[in-house]
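Computed over heavy atoms, backbone and side chain alike; hydrogens, waters and symmetry mates excluded.
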Amino acid sequence: MMSFIKIIKQGLTLMRENSDVLANSGFRQSVEVQIKDKQSYKRLNMTLVGQQYPDYLILELSRQYCWQDILPMLATEKNIAIKTVSPKGEQVTGVVDILHITQYPQKLLFVSYPRNASVEILRSSPRVGVNCDARLQLQLKDKLGEPLTGKIVDISNKGIAFNYFGTSPVNIEDSRGLEAEVRVKTDDETILLQQLITRSIRSVGPQLWQLGLSHKEKPNNLQDLVSKLFLHSTPVRELLSDNDPGWDASDNTLQGESESVQFSTN
């Protein structure tokens, strides 16, 4: 099988120029790096921890690796392949040059911006932003994991995005394909989203994680679920609330507003 890095190098003539695709990337964004290891290629999990557009990106090596094993591989390479997801939800792959390596106090890799990038649109279906308090449970081997309290932040016909504060519930490498269920408790009922599968987990802020979950099969009641989640969303509930202390519907207020508009019959 042709390696990931060879495919990228051979496809550079087909890639569109997109050097600024990572310019607005978020805090502690996951990046997959591939480097040559003897006669094969090794994938490393790194984190984008800083950047100076358009000069360089700063990647931090995951603590799961032994630095003494990785450093010789990095030292012999002039460029490496990277893969990540842009803030717009695009999967970005490209080749970057290694500019500098530091090992104290952090294991950091300074690399150039990809001069050319292959961009693949991941979000093929429309998404609706919501803000619903929810609890998520992952199926870990033969038992359910501890409930994670967080928020559903968007929904599409393929799945949802769930945010929560804390530590990662599972190793990121083992996070894909886990079964999950999410519960949203309202004043009248509990909305249950079942038969969900984890597709991604990434850091989107300090101790803030986002899980992307998709439906195994499109629910028959998807329209009803979307309607309920949208109406239960915090901004919508606040908009429809009768307990807004700033609301003044007195005659004087309405009269004052109406007097500010004049109509001419000429």
Side-chain angles (χ1 to χ4, degrees), residues 24-31 45 47-49 62-63 84-91 122-123 125-219 221-241:
N24 297 315
S25 295
F27 179 86
R28 299 196 66 82
Q29 178 174 315
S30 297
V31 177
N45 291 322
T47 304
L48 178 62
V49 295
S62 171
R63 294 181 180 179
T84 187
V85 177
S86 77
K88 294 182 180 180
E90 302 166 325
Q91 181 174 277
L122 296 180
R123 296 178 179 177
S125 60
R127 294 180 174 228
V128 175
V130 295
N131 186 348
C132 301
D133 293 333
R135 300 185 77 183
L136 177 146
Q137 281 188 287
L138 296 171
Q139 181 69 44
L140 303 176
K141 295 183 179 179
D142 57 348
K143 66 176 182 178
L144 283 173
E146 292 294 322
L148 304 175
T149 300
K151 292 180 180 291
I152 297 175
V153 294
D154 72 41
I155 184 170
S156 72
N157 64 350
K158 293 185 178 180
I160 64 170
F162 177 86
N163 282 11
Y164 82 100
F165 284 98
T167 57
S168 177
V170 292
N171 189 313
I172 293 179
E173 291 184 330
D174 301 327
S175 63
R176 287 182 61 87
L178 297 177
E179 295 186 4
E181 64 178 36
V182 176
R183 295 175 183 267
V184 179
K185 187 172 179 57
T186 71
D187 294 336
D188 303 321
E189 63 177 327
T190 296
I191 304 170
L192 181 61
L193 290 83
Q194 294 178 299
Q195 294 188 317
L196 295 169
I197 299 293
T198 59
R199 293 303 182 195
S200 65
I201 178 171
R202 63 191 183 102
S203 175
V204 292
Q207 293 188 304
L208 178 61
W209 297 87
Q210 183 171 105
L211 281 82
L213 303 114
S214 64
H215 299 291
K216 278 187 175 181
E217 296 181 1
K218 185 175 179 179
N221 63 336
L222 179 61
Q223 182 175 350
D224 186 45
L225 285 174
V226 173
S227 299
K228 288 181 178 180
L229 289 176
F230 182 72
L231 289 175
H232 187 64
S233 183
T234 301
V236 175
R237 287 191 288 111
E238 291 177 351
L239 179 66
L240 299 178
S241 173

**Prompt:** Taking all non-hydrogen atoms of both residues, which atom of Ile201 and which atom of Trp209 are closest, and how far apart?
**Reply:**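 Heavy atoms of Ile201 and Trp209 come nearest at CG1-CE3, 4.0 Å.
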
Does a side-chain heavy-atom distance below 4.5 Å link [X] with [Y]?
X	Y	value
His215	Leu196	yes
Leu193	Leu213	no
Ile152	Val184	yes

Show every donor-acceptor pair shorter than 3.5 Å between a side-chain atom in residues 224-231 and any protein atom, with sequence neighbours excluded, or say none if there are none.
from   : atom 1 : to     : atom 2 : distance (Å)
Asp224 : OD2    : Lys228 : NZ     : 3.4
Ser227 : OG     : Gln223 : O      : 2.9
Lys228 : NZ     : Glu189 : OE1    : 3.3
Lys228 : NZ     : Glu189 : OE2    : 3.3

Measuring from [X]:[atom1] to [Y]:[atom2], what's the distance to the nearest 0.5 Å?
X	Y	atom1	atom2	result
Cys132	Ile155	SG	CD1	8.5 Å
Lys151	Leu136	NZ	CG	14.5 Å
Asn163	Leu208	CG	CG	5.0 Å
Phe165	Leu148	CZ	CG	13.5 Å

**Message:** For Gln194, give me all partners under side chain to side chain contact (heavy atoms under 4.5 Å, CB included), at least two apart in sequence or on another chain.
**Reply:**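 Per chain and number, Gln194 pairs via side chain to side chain contact (heavy atoms under 4.5 Å, CB included) with Glu181, Leu192.
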
**Message:** Which residues pass the side chain to side chain contact (heavy atoms under 4.5 Å, CB included) test with Ser214, not counting sequence neighbours?
**Reply:** Ile197, Arg199

For [X], side chain to side chain donor-acceptor pair (under 3.5 Å) partners two or more places apart:
X	value
Lys185	none
Gln195	none
Ser62	Gln64

**Prompt:** Quick one: does Gln137's side chain have a donor or acceptor within less than 3.5 Å of a partner on Gly145's backbone?
**Reply:** yes

**Request:** Output yes when a side-chain donor or acceptor of Ser156 lies under 3.5 Å from a complementary backbone atom of Lys158, and no otherwise.
**Result:** yes

